[in-house]
Amino acid sequence: MREYLLTLCVTAAVTYLLTGPVRKFAIVAGAMPEIRARDVHREPTPRLGGIAMFFGLCAGLLVADHLTNLNEVFEKSNEPRALLSGAALIWLIGVLDDKFEIDALIKLGGQMIAAGVMVVQGLTILWLPVPGVGTVALTQWQGTLLTVALVVITINAVNFVDGLDGLAAGMVCIAACAFFLYAYRIWYGYNIEAAAPATLFAVILMGMCLGFLPHNMHPARIFMGDSGSMLIGLVLAAGAISVTGQIDPDVMKLFSGSERNAVHQMVPVYIPLVMPLTIIAIPAADLVLAIVRRTWRGQSPFAADRGHLHHRLLEIGHSHSRAVLIMYFWSALIAFGALAYSVNSASMWIVLGVVFLSAIGLILLLLPRFTPRAPRWAERFVPPRYRRRRRALAVAVEEAAEPVAAREEPREPVAAGASRVNGATAVGHRR
């Protein structure tokens, strides 16, 4: 576990330290697209955050290759090299799209080619556990098609959910944390070394997201862009493919005892099929609602609008940060609920706990204007909106007493791409 922690810290540190220089490079390179009607942010913000995330991935793999226990993953498996090859290709396509906005079909073709590169190097689904049937061996073509489909779906799901500051990175980090705990249990609990690559991929993915989040929280100083969203989507899919299609369920010896016990014990085998859905569930629901909404209005299903889930959270009164936290909550509930059910699928307390937390989540959705107040001793450590009303009223009275000319400052807009543009403060000083 200490070597995993070291790999996590190195990946997060490299990603965090490189994001600042990458942001300045994106401003100089002009990777700051114009604000569209459906965008939530109001000021030009640089992209290309995926550059720092990719170098964090490379640093994590390099450190793991020089550690005693994790070095065996590189010696006994070609999956880390397959991941690096596919990640380099998808990252390059994302960088070109962030700068030049390439066609959607070209991006789809690049995603399929990146998945094919991983398949050629051995990162593919060899067999599939089917409920009621058992383990089914796949032919080469079946495994290739299923692997490419899973990679493309996961990449686009992560790209689709990237609509608010810090949303995609946080949700993927939550899913990766749950997936790491699952893969680590398979490796050490069942003593199956084939789960080691998936465990390594999950911890590196956590480090990439944690290192980028401080720069991407609202108000975001930089966006990950397609170079980052497609990259973390590919890493998430690679971990799911590794632990699903490379581990033989017969090795886990799950078929001993009665038929009922065998059914309960087979749950951990099917969890890898469910874990990627923890990140796809929310955007998939948003996609279905968007198609129904647009066709009901007589519009094209591909017409962009401001009716997505995060837009609706903002419209009903939630702040930007609270909307992101609510979607974090639902992602964590789905991911860790599936993880807990894989550990003890016969426990009714797990089901009751998930139902109780779901009720709390619904209450949070219905209280958009509720603002919690911090205790008086903690007021200096929290933002002003969480302080007592007396202090807020006193500040409002003081501001009202100031002359209008003293409060207002001339603001001159700065064109996007200028050398002195500074991310979220691109149009001047912000009070």
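The first residue of the sequence shown is numbered 1, and numbering continues consecutively from there.
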Closest non-hydrogen atoms of V354 and G337, given as atom of the first, atom of the second and distance, are CG2-CA, 4.2 Å
Side chains of I153 and L150: does their closest heavy-atom pair fall under 4.5 Å?
no
In this structure, CG of L126 is separated from CG of L146 (nearest 0.5 Å) by 11.0 Å
Would you say F25 has more than 12 foreign heavy atoms packed within less than 6.0 Å of its CZ? no
Is any side-chain heavy atom of L231 less than 4.5 Å from a side-chain heavy atom of D226?
no
Taking every heavy atom of G207 against every heavy atom of T15, the minimum-distance pair comes out as O-OG1, 4.4 Å
Rounding to 0.5 Å, atoms CD1 (I155) and CG (L108) come to a distance of 9.5 Å
Polar side-chain atom of N71 near backbone of D65 as donor-acceptor pair, under 3.5 Å
yes
Margin query: Any side-chain to backbone donor/acceptor pair from E3 onto N69? Under 3.5 Å, distance only.
Written below: yes
A238 and L123 have their tightest heavy-atom pair at CB-CD2, 3.7 Å
message: Before you tell me yes or no, could you show the steps for D97 and S227 under side-chain contact (heavy atoms from CB on, under 4.5 Å), namely the whole-Å CA-CA distance, both residues' side-chain angles and the distance that decides it to 0.1 Å?
response: CA-CA 8 Å; D97 180 67; S227 59; over 6 Å; no
Could you list the donor-acceptor pairs under 3.5 angstrom formed by side chains in residues 51-64, with sequence neighbours left out?
none

Practice task
Using a 4.5 Å cut-off on heavy atoms from C-beta on, say whether the side chain of Y16 contacts that of L213.
Solution key: no
The single option from V152, V148, I93 that satisfies side-chain contact (heavy atoms from CB on, under 4.5 Å) with Q111 is V152
CD1 (I232) and SG (C173) are apart, to the nearest 0.5 Å, by 9.5 Å
Review point. Is the closest side-chain heavy-atom distance between T45 and R221 below 4.5 Å?
Key: no
Original post:
Is a side-chain donor or acceptor of T147 paired with a backbone partner of I125 at a separation under 3.5 angstrom?
Top reply: yes
Kindly determine whether L200 and F74 satisfy side-chain contact (heavy atoms from CB on, under 4.5 Å), including the steps that lead there.
CA-CA 11 Å; L200 178 61; F74 296 84; 4.1 Å; yes
Self-check item: Side-chain donor/acceptor of T11 to backbone N/O of T7, under 3.5 Å
Solution: yes
Is any side-chain heavy atom of V324 less than 4.5 Å from a side-chain heavy atom of H218?
-> no
Contacts satisfying side-chain hydrogen bond (donor to acceptor under 3.5 Å, both in side chains) that involve residues 84-96 (not counting sequence neighbours) are S85-Q121
> Less than 4.5 Å apart, any side-chain heavy atom of F223 and any of P46?
Replying inline: no
Can you tell me if NZ on K24 sees more than 12 non-hydrogen neighbours from other groups inside 6.0 Å? no
The reported gap from CD1 in I204 to OG1 in T199 (rounded to nearest 0.5 angstrom) is 11.0 Å
Note: P214 and L210 closest approach over all heavy atoms is CD-O, 3.1 Å
Closest non-hydrogen atoms of A168 and M224, given as atom of the first, atom of the second and distance, are CB-CE, 4.4 Å
**Prompt:** Ring centroid separation for F180 and Y4, is it under 6.0 angstrom?
**Reply:** yes
F179 and A198 have their tightest heavy-atom pair at CE2-CB, 4.2 Å
- Item | Note, M118 side chain near V151 side chain (heavy atom, < 4.5 Å) | yes
| field | Flag for D162-S229: side-chain donor and acceptor within less than 3.5 Å | value | no
Checklist entry - Is the closest side-chain heavy-atom distance between L48 and R23 below 4.5 Å? => result no
Taken to the nearest 0.5 Å, the spacing of T154 OG1 from M230 CE works out to 13.5 Å
**Prompt:** Side chain of T144, backbone of Q140: donor and acceptor closer than 3.5 Å?
**Reply:** yes
When rounded to the nearest 0.5 Å, the distance separating CG of D165 from CD1 of I222 is 12.0 Å
